[in-house]
A.B. asks: 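The structure under discussion is supplied below as structure tokens; questions concerning it will follow.
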2 protein chains.
Amino acid sequence: MKMVKKASVEPSQTRPMRADGQRKMAALLEAAIQVFARSGVDAPVREIAEAAGVGLGTVYRHFPQRSDLIVAVFQGQVKACADAAAVIARKYEPAEALSRWMQRYVDFLGTKQGLAAALHSGDPAYSALPEYFDQHLRPALNGLLDEAVRAEAIRSGIEAKELLGAVGTLCCQGPHMDIGSARRMVSLLVDGMRYGAIKQEEPA
Amino acid sequence: MKMVKKASVEPSQTRPMRADGQRKMAALLEAAIQVFARSGVDAPVREIAEAAGVGLGTVYRHFPQRSDLIVAVFQGQVKACADAAAVIARKYEPAEALSRWMQRYVDFLGTKQGLAAALHSGDPAYSALPEYFDQHLRPALNGLLDEAVRAEAIRSGIEAKELLGAVGTLCCQGPHMDIGSARRMVSLLVDGMRYGAIKQEEPA
DNA sequence: TTGCAAGCGGAACCATGTTCCATTATTGTT
DNA sequence: AACAATAATGGAACATGGTTCCGCTTGCAA
């Protein structure tokens with residue numbers, strides 16, 4: 001059992017991807033990044049295939065579901081967003097940290113045309129997305145939430161999953177996608193949590 | 001110039017709709033109500049046509065855009081929701097009235113599978129919806145908002161349109177559409193407005 | 001060099017929204 | 001009552017976009 005070098009994505013216990021396969025996959029990822037940025041995450045698959053100089057079948061071979069492609073493209077940024085929580089928590093007091101991280105998440109979603117919408121579409125083609133996001137972001141948010149509650153800066157009893165979902169929906173105001181509006185509404189949401197805090201602070 | 005009886009929808013300054021036309025239109029509306037309730041507002045047009053025992057062409061003759069059909073089906077309920085604002089305002093203090101009306105709106109949107117999503121989809125087929133909703137609901141909400149601000153129960157500077165949009169998005173959590181979650185998040189939003197009020201009340 | 005499984009391309013299929021037009025039905029007029 | 005004008009109908013046809021399928025090609029190990 002020789003361990004040949006593995007491609008970034010490989011089924012365990014099996015041979016590594018063929019060289020040309022890896023090449024196409026990389027081209028696909030590259031193209032998807034471009035196309036998603038230009039036309040949003042709901043760009044036609046054909047468009048991505050063409051941009052990558054690849055057949056449709058090849059797209060589906062590497063990314064059986066549309067959402068697999070999206071996850072592949074954004075996983076780095078999702079992780080970065082999750083990691084930002086700890087950094088922010090170190091710099092600010094709990095409630096402020098929570099607020100800032102929420103805005104950080106808004107900034108991420110808000111600049112990916114169609115991502116937020118896809119996240120909540122319920123379209124089976126995107127089914128893997130909510131799971132992926134929740135799995136990675138919930139722990140991060142939960143940490144911030146716990147600290148803020150412990151500091152009595154916000155009310156308790158808020159579900160991270162619910163909050164995450166709310167931010168996601170607030171970021172999908174159609175195509176006009178006014179990120180400023182999303183930011184204001186999320187800010188209102190955070191203030192709502194402060195309103196029920198044990199220690200009632202003076203609002204700015 | 002004899003005023004013949006007019007169909008519910010008729011271009012001004014023109015002959016009334018033919019008798020069979022009115023019949024089909026009524027059947028269509030009837031069927032749409034059923035189908036929307038059963039399969040959501042994004043049900044295939046063909047399904048509605050079939051349910052009404054009508055050809056596809058007939059659907060598009062009476063409702064050139066998909067959204068026209070939706071508006072026709074829900075206009076009564078939208079108006080009722082708008083009218084509820086005045087009633088509620090008479091019964092409760094300003095902030096409470098605002099809160100209750102917002103929940104009223106959530107209840108409306110939340111029980112119409114897919115309506116909230118359509119409202120924010122940006123899909124040109126639904127383009128008339130946001131306009132219609134905004135036009136009818138904004139004045140209602142503005143009244144409540146003004147009173148609450150005047151009573152110094154909430155902060156000022158909140159845009160009714162933005163708030164309406166936010167509630168709409170919060171109501172489209174995919175198909176699972178947990179109305180409880182939407183209610184909690186909207187409640188948080190309202191509390192957020194209270195947090196910035198001049199007179200800071202004691203939270204419950 | 002050669003055999004074969006991995007990988008490829010894109011035609012074909014399905015679902016859905018929308019348009020078009022030959023056919024049918026209603027209605028005011030004669 | 002018969003007719004002409006035209007409103008209204010139904011559904012085939014077109015467009016778009018996701019997904020599947022399969023015969024051909026190619027990298028790789030023997």
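Just so it is clear: chains get the letters A, B, ... in the order the sequence lines come, proteins before strands, and each one is counted from 1.
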A.B. asks: When you compare the side chain of A:I70 with that of A:Y126, does any pair of heavy atoms fall below 4.5 Å?
C.D. replies: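 They are in side-chain contact.
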A.B. asks: Within residues 30-41 of chain B, find the residues that approach DNA chain C with a heavy atom at under 4.0 Å, and present them sorted by residue number.
C.D. replies: none
A.B. asks: Rounded to the nearest Å, what distance is computed from the CZ atom of residue B:F63 to the C1' atom of nucleotide D:dT9?
C.D. replies: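 So the two atoms are 15 Å apart, to the nearest Å.
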A.B. asks: CD of A:Q22 versus C1' of C:dA6: gap in Å, rounded?
C.D. replies: 12 Å
A.B. asks: How many whole angstroms separate atom OH of B:Y60 from atom P of C:dC20?
C.D. replies: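 That distance rounds to 13 Å.
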A.B. asks: Taking NZ, NE, NH1 and NH2 as the nitrogens, is one of them in A:D42 or A:R66 under 4.0 Å from a carboxylate oxygen of the other?
C.D. replies: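 No, no charged N to carboxylate O under 4.0 Å.
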A.B. asks: Kindly state which residues belonging to residues 44-53 of chain A come within less than 4.0 angstrom of DNA chain D, counting heavy atoms of the residue only, listed by number.
C.D. replies: A:P44, A:V45, A:R46
A.B. asks: Figure out the CG/P separation between A:L28 and C:dG7, and round it to whole Å.
C.D. replies: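 So the CG-P distance, A:L28 to C:dG7, works out to 14 Å.
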A.B. asks: Is there a salt bridge (Lys or Arg N to Asp or Glu O under 4.0 Å) between A:E96 and A:R100 once you walk through the steps?
C.D. replies: CA-CA 6 Å; A:E96 177 67 12; A:R100 288 192 178 245; 2.8 Å; yes
A.B. asks: A:H62 or B:R66: which one's nearest nucleotide on DNA chain C is closer to the 5' end?
C.D. replies: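 Closer to the 5' end of DNA chain C: A:H62.
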A.B. asks: Scan B:G57 against the nucleic acid and name what it touches under 4.0 Å (heavy atoms): base, sugar-phosphate only, or nothing.
C.D. replies: base
A.B. asks: Hey, what are the protein-to-nucleotides 22-26 of chain C N/O distances that come in under 3.5 Å?
C.D. replies:
residue	atom	partner	partner atom	Å
C:dA25	N3	B:R18	NH1	3.4
C:dT26	O4'	B:R18	NE	3.3

A.B. asks: Would you call B:Q75 and B:V78 a side-chain contact if the rule is heavy atoms closer than 4.5 Å?
C.D. replies: no
A.B. asks: So, A:S39 side chain and A:F36 main chain: donor-acceptor pair closer than 3.5 Å or not?
C.D. replies: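 Side chain of A:S39 to backbone of A:F36, a donor-acceptor pair under 3.5 Å: no, none is there.
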A.B. asks: Using a cut-off of 6.0 Å, state whether more than 12 heavy atoms not belonging to B:E47 lie near its atom CD.
C.D. replies: yes
A.B. asks: Angle between the end axes of the helix from C:dT1-D:dA30 to C:dT30-D:dA1, five pairs per end, to the nearest 10 degrees?
C.D. replies: 20°
A.B. asks: Side chains of A:L98 and A:I88: closer than 4.5 Å at any heavy-atom pair?
C.D. replies: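 Result no, sub-4.5 Å side-chain heavy-atom pair not found.
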A.B. asks: Return the value, rounded to whole Å, for the distance between atom CE of B:M17 and atom P of C:dT27.
C.D. replies: 12 Å
A.B. asks: Please tell me if A:T58 has a side-chain N or O lying less than 4.0 Å from either OP1 or OP2 of C:dG9.
C.D. replies: yes
A.B. asks: Not counting sequence neighbours, list each pair that qualifies as a ring-ring contact (aromatic ring centres under 6.0 Å, His included) and has a residue in residues 38-75 of chain A.
C.D. replies: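 Of all non-adjacent pairs touching residues 38-75 of chain A, none passes ring-ring contact (aromatic ring centres under 6.0 Å, His included).
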A.B. asks: Round to a whole Å and report the spacing from CG of B:D123 to P of D:dG17.
C.D. replies: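 Whole-Å distance recorded here is 12 Å.
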A.B. asks: Give the rounded distance in Å between these two atoms: CD1 of A:I70 and P of D:dG18.
C.D. replies: 10 Å
A.B. asks: Tell me, do A:L115 and A:F133 make a side-chain contact under 4.5 Å, heavy atoms counted?
C.D. replies: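 In contact.
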A.B. asks: Would A:R194 and A:D191 count as a salt bridge (Lys or Arg N to Asp or Glu O under 4.0 Å) if you check the C-alpha gap in whole Å, the side-chain angles of each, and the deciding distance to 0.1 Å?
C.D. replies: CA-CA 5 Å; A:R194 294 202 239 235; A:D191 285 348; 3.3 Å; yes
A.B. asks: Just to verify, what does A:K161 make a side-chain hydrogen bond (donor to acceptor under 3.5 Å, both in side chains) with, not counting sequence neighbours?
C.D. replies: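 Scan of A:K161 (side-chain hydrogen bond (donor to acceptor under 3.5 Å, both in side chains), adjacent residues dropped) gives none.
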A.B. asks: Would you indicate whether the side-chain heavy atoms of A:R184 and A:S181 approach each other to under 4.5 Å?
C.D. replies: yes
A.B. asks: Give a yes/no answer on whether the side chain of B:K24 brings an N or O atom under 4.0 Å of OP1 or OP2 in D:dA7.
C.D. replies: no
A.B. asks: Taking atom C1' of C:dA6 as reference, at what distance in whole Å does atom CE of A:M25 sit?
C.D. replies: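 Roughly 15 Å, once rounded to whole Å.
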A.B. asks: Do B:M25 and B:T58 have side chains that get closer than 4.5 Å, going by heavy atoms?
C.D. replies: no
A.B. asks: Would you mind reporting whether B:V54 and B:I48 have side-chain heavy atoms less than 4.5 Å apart?
C.D. replies: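 Not in contact.
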A.B. asks: Choosing from D:dA12, C:dC8, D:dT9, which nucleotide comes nearest the side chain of B:L56?
C.D. replies: D:dA12
